[in-house]
There are 2 protein chains.
Amino acid sequence: MHGSGRVKIVDVAAAAGVSVTTVSHVISGRRPVSAATRARVEDAVRRLGYQADPSARGLRTQRTDTVGLVVPDITNPFNTELAAGVQAIAYARGLLTVVCEAPMTDGPRLPAVLRQLTARRLDGIVLGRFGAQRADLDLIAGSGARLVRLGTRIADGPGDVVRGAETEGMRDLVRYLVRERGYRRIGFIGGEAGVEPGGERYEGYRQALAEAGRTVPEDLTVWTGFTREGGRAGAALLLDATEPPDAVVCANDLIAIGALDVARERGFDVPGRLAVTGYDDIDAASMVSPALTTVVNPAREIGRSAARLLIDRLDGDKGPAREVVLTHQVVRRASA
Amino acid sequence: MHGSGRVKIVDVAAAAGVSVTTVSHVISGRRPVSAATRARVEDAVRRLGYQADPSARGLRTQRTDTVGLVVPDITNPFNTELAAGVQAIAYARGLLTVVCEAPMTDGPRLPAVLRQLTARRLDGIVLGRFGAQRADLDLIAGSGARLVRLGTRIADGPGDVVRGAETEGMRDLVRYLVRERGYRRIGFIGGEAGVEPGGERYEGYRQALAEAGRTVPEDLTVWTGFTREGGRAGAALLLDATEPPDAVVCANDLIAIGALDVARERGFDVPGRLAVTGYDDIDAASMVSPALTTVVNPAREIGRSAARLLIDRLDGDKGPAREVVLTHQVVRRASA
DNA sequence: TCACGCATCCAAATCGTTTTGCATCGCAGG
DNA sequence: CCTGCGATGCAAAACGATTTGGATGCGTGA
């Protein structure tokens with residue numbers, strides 16, 4: 001409780017009557033110290049409220065004890081849950097988490113953000129779902145930071161991967177629409193074209209239609225953005241089609257919520273005249289009405305797994321790249 | 001594009017044929033350097049992709065170029081927007097933002113989180129809305145970090161303050177319910193008792209009732225938590241009262257959404273038989289149906305202001321503590 | 001010619017840790 | 001008595017930047 005910010009290791013050493021080396025050893029435990037000395041040092045540390053300066057420590061150890069999470073949009077509840085998951089595991093390990101936003105709009109901000117982060121010498125980076133270029137990934141890997149990618153394939157670049165079984169998830173959802181609900185004309189609203197989860201999910205949609213012997217209605221596919229606004233725009237297009245769909249499958253919940261807005265405005269009864277489905281099962285999915293039929297994407301668990309992978313690597317795991325695939329589950333609510 | 005992570009200032013100096021001092025000077029601009037030398041150095045920096053090691057720099061300068069944001073719950077959309085605001089301003093200034101969660105549940109995690117953060121020697125901390133103890137604030141101030149508190153009064157402790165006009169906002173909202181909507185028995189569901197925004201908002205509710213000559217129905221006040229779950233629990237209590245309310249004023253939108261759940265389950269028509277109002281105007285407020293009558297709380301702008309205050313202080317502003325109050329605005333939707 | 005000032009640049013100290021290579025001590029075994 | 005060996009503890013060398021106090025060279029005015 002004395003001076004809280006200024007006390008250095010030499011102060012502790014003086015107070016305990018030992019050398020700084022010994023203080024360092026009792027703190028790190030890297031060499032044995034006699035019980036009596038250890039007690040004196042620990043007492044001094046407590047009394048003075050000593051906390052090692054992270055810059056000095058980092059300079060010597062070449063570690064920052066900090067990991068980064070990069071996502072396209074902090075505001076998206078999926079990413080928020082993700083962050084909560086990463087943070088929980090990292091915090092327990094004494095790692096600080098910085099979450100950075102690299103908007104997909106107005107050009108590629110990703111490289112700039114990544115440069116900022118690598119300049120910080122982070123120990124590890126979790127790269128959210130992006131249309132990341134190979135150069136971006138190599139930049140991270142080359143900086144010495146461990147890398148965990150989310151929602152991509154292991155073969156696409158360096159680092160470990162965590163992803164939900166998105167193709168399968170979407171396939172199961174569309175199967176359900178086709179087989180158990182009997183929808184005939186099923187449209188698709190995607191996010192930004194080329195951004196990660198979009199492709200997988202679209203693929204699942206196509207698979208389900210294909211296995212049912214349907215042709216994919218290309219005229220009912222539209223790519224916008226992973227937001228409520230995007231959903232509005234996409235749904236407006238689809239519902240104005242000469243032969244509008246009786247179901248709209250959206251690449252995520254926010255898009256679906258936007259689609260619901262449009263359906264309501266135009267007086268389309270959901271699910272009577274139009275089904276709307278989402279993906280992710282964010283909190284809001286069960287708040288809207290009709291509640292959204294969607295697929296749970298275990299965001300928090302994905303974050304946790306990613307953090308665990310990172311920590312394993314930081315602890316010296318030299319094994320080959322790993323890929324963690326988390327299960328999916330269709331949740332059936334009122335919107336379909 | 002050469003070695004991306006390993007190049008040091010001496011490498012740059014060697015490549016440019018000057019001393020490290022000169023390199024440092026051209027980068028920081030703290031002393032004049034001839035145009036020719038400057039060009040050579042800048043070229044070498046670019047060619048080698050030099051980025052100063054933050055630990056080494058921090059050790060010398062005693063700054064980390066990092067600010068922290070501490071909130072009770074990352075998942076709460078209000079806090080998410082807040083974070084986005086802080087982050088945007090900080091990023092533009094080259095500051096990294098770390099956002100930390102210190103859950104209010106299961107005991108006071110705040111002191112532990114704060115100790116972690118002060119150990120990191122952050123340049124500044126934005127402290128979200130908490131029931132922070134005076135000791136917590138002094139810990140931050142004593143660590144040397146600049147402090148901006150959110151949603152409290154300037155007199156309550158060290159540091160600057162940013163807050164919405166919450167008492168006034170809630171007062172206006174309840175006024176509207178009383179005068180223009182004619183509700184008679186108006187209940188209140190608060191968050192955790194003692195947590196910051198709760199008190200202000202409750203005060204506004206009381207003021208509005210008082211100026212209308214109503215007595216505050218103490219039996220219709222319940223304190224739970226700032227979550228949808230909290231709202232469910234609180235609403236259940238209120239609706240089971242012997243003389244249930246015809247309007248429920250909630251301390252934030254999540255609580256209100258929980259209250260809507262209960263109303264729907266029990267078949268209470270909203271707003272016919274029961275009005276429900278929120279506070280904050282998070283995205284979800286306009287997604288639920290009926291859409292929530294609420295008060296906008298400019299989360300993102302609060303975050304921006306807080307970051308600006310912090311930066312001013314970091315730039316050497318020594319003036320007396322400042323308090324920024326942002327305006328409120330009632331938004332009238334279908335739930336009342 | 002000398003002294004002086006300005007423009008440039010450099011050497012070296014410094015920031016607070018961690019870690020390596022020795023020194024010291026006590027004690028057991030020969 | 002001497003040697004060797006754990007068990008402990010210390011001094012000093014990193015780590016990679018910033019910054020201060022000079023050094024150097026040059027031009028200018030007396």
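No hydrogens, no waters, no symmetry mates; every other heavy atom, side chains included, goes into these values. Labels below follow one simple rule: chain letters A, B, ... track the order of the sequence lines, proteins then strands, and each chain is numbered from 1.
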For this session: Please report the closest heavy-atom contact between A/Val10 and A/Val20, naming both atoms and the distance.
Result: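 Where A/Val10 meets A/Val20 most closely, the heavy atoms are CA-CG1, 3.7 Å.
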Problem set entry | Sub-4.0 Å heavy-atom contacts from residues 53-64 of chain B onto DNA chain D, ordered by number |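 Nucleic-acid contacts, sorted: B/Asp53, B/Ala56, B/Arg57, B/Leu59, B/Arg60, B/Thr61.
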Problem set entry | Residue-level proximity of residues 10-18 of chain A to DNA chain D when a heavy atom falls under 4.0 Å |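 Those residues whose heavy atoms fall under 4.0 Å from DNA chain D, taken from residues 10-18 of chain A in numerical order, are A/Val18.
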Exercise. Going by distance alone, is a donor N or O of one side chain under 3.5 Å from an acceptor N or O of the other, for B/Arg63 and A/Ser55?
Worked result: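 Distance-only check fails for B/Arg63 and A/Ser55.
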For this session: Name all residues meeting the side chain to side chain contact (heavy atoms under 4.5 Å, CB included) criterion together with B/Arg38; count only those two or more places apart in sequence or in a different chain, and write none if there are none.
Result: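 Listed in chain order: B/Val26, B/Val33, B/Glu42.
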Indicate yes or no: at least one non-hydrogen side-chain atom of [X] is less than 4.5 angstrom from one of [Y].
X: A/Asn79; Y: A/Pro77; value: no
X: B/Arg57; Y: B/Asp65; value: yes
X: B/Val12; Y: B/Val7; value: yes

Exercise. Atom CZ of A/Arg6 to atom P of C/dT17: distance rounded to whole Å?
Worked result: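 The answer, rounded to whole Å, is 10 Å.
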For this session: Starting at atom CD of A/Gln51, determine the distance to atom C1' of C/dG16, rounded to an integer number of angstrom.
Result: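 Interatomic distance, CD of A/Gln51 to C1' of C/dG16: 14 Å.
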For this session: Could you tell me whether B/Asp53 and B/Lys8 have a side-chain N and a carboxylate O separated by less than 4.0 Å?
Result: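 No.
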Exercise. Would you say B/Arg93 has more than 12 foreign heavy atoms packed within less than 6.0 Å of its CZ?
Worked result: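 Yes, enclosed.
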Exercise. In residues 20-36 of chain A, which ones come under 4.0 Å of DNA chain C, going by heavy atoms?
Worked result: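 DNA chain C contact set from residues 20-36 of chain A: A/Thr21, A/Ser24, A/His25, A/Arg30, A/Arg31.
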Problem set entry | CA sep, side-chain torsions, deciding dist, call: B/Ser34, B/Thr37, side chain to side chain donor-acceptor pair (under 3.5 Å) | CA-CA 5 Å; B/Ser34 73; B/Thr37 311; 2.8 Å; yes
For this session: Report the residues that fulfil side chain to side chain donor-acceptor pair (under 3.5 Å) with B/Asp160, sequence neighbours left out, ordered by chain and then residue number.
Result: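 In terms of side chain to side chain donor-acceptor pair (under 3.5 Å), with neighbours along the sequence ignored, B/Asp160 is linked to B/Arg313.
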Exercise. Taking the six-membered ring of A/Phe78 as reference, does the NZ or CZ atom of A/Arg129 fall below 6.0 Å from its centre and within a 45° cone about the axis?
Worked result: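 Because its charged atom sits under 6.0 Å from the ring centre and within 45° of the axis, A/Arg129 does stack over A/Phe78.
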Exercise. Between the main-chain N or O of A/Val18 and the side-chain N or O of A/Thr22, is there a donor-acceptor pair closer than 3.5 Å?
Worked result: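 No, A/Thr22 side chain to A/Val18 backbone: no donor-acceptor pair under 3.5 Å.
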Problem set entry | Side chain A/Arg149, main chain A/Ile154, donor-acceptor under 3.5 Å |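 Side chain of A/Arg149 to backbone of A/Ile154, a donor-acceptor pair under 3.5 Å: yes, one is there.
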Problem set entry | Heavy-atom contact window of chain B on DNA chain D, given 5' to 3' at under 4.0 Å |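 Going 5' to 3' along DNA chain D, contacts run D/dG16 to D/dG22.
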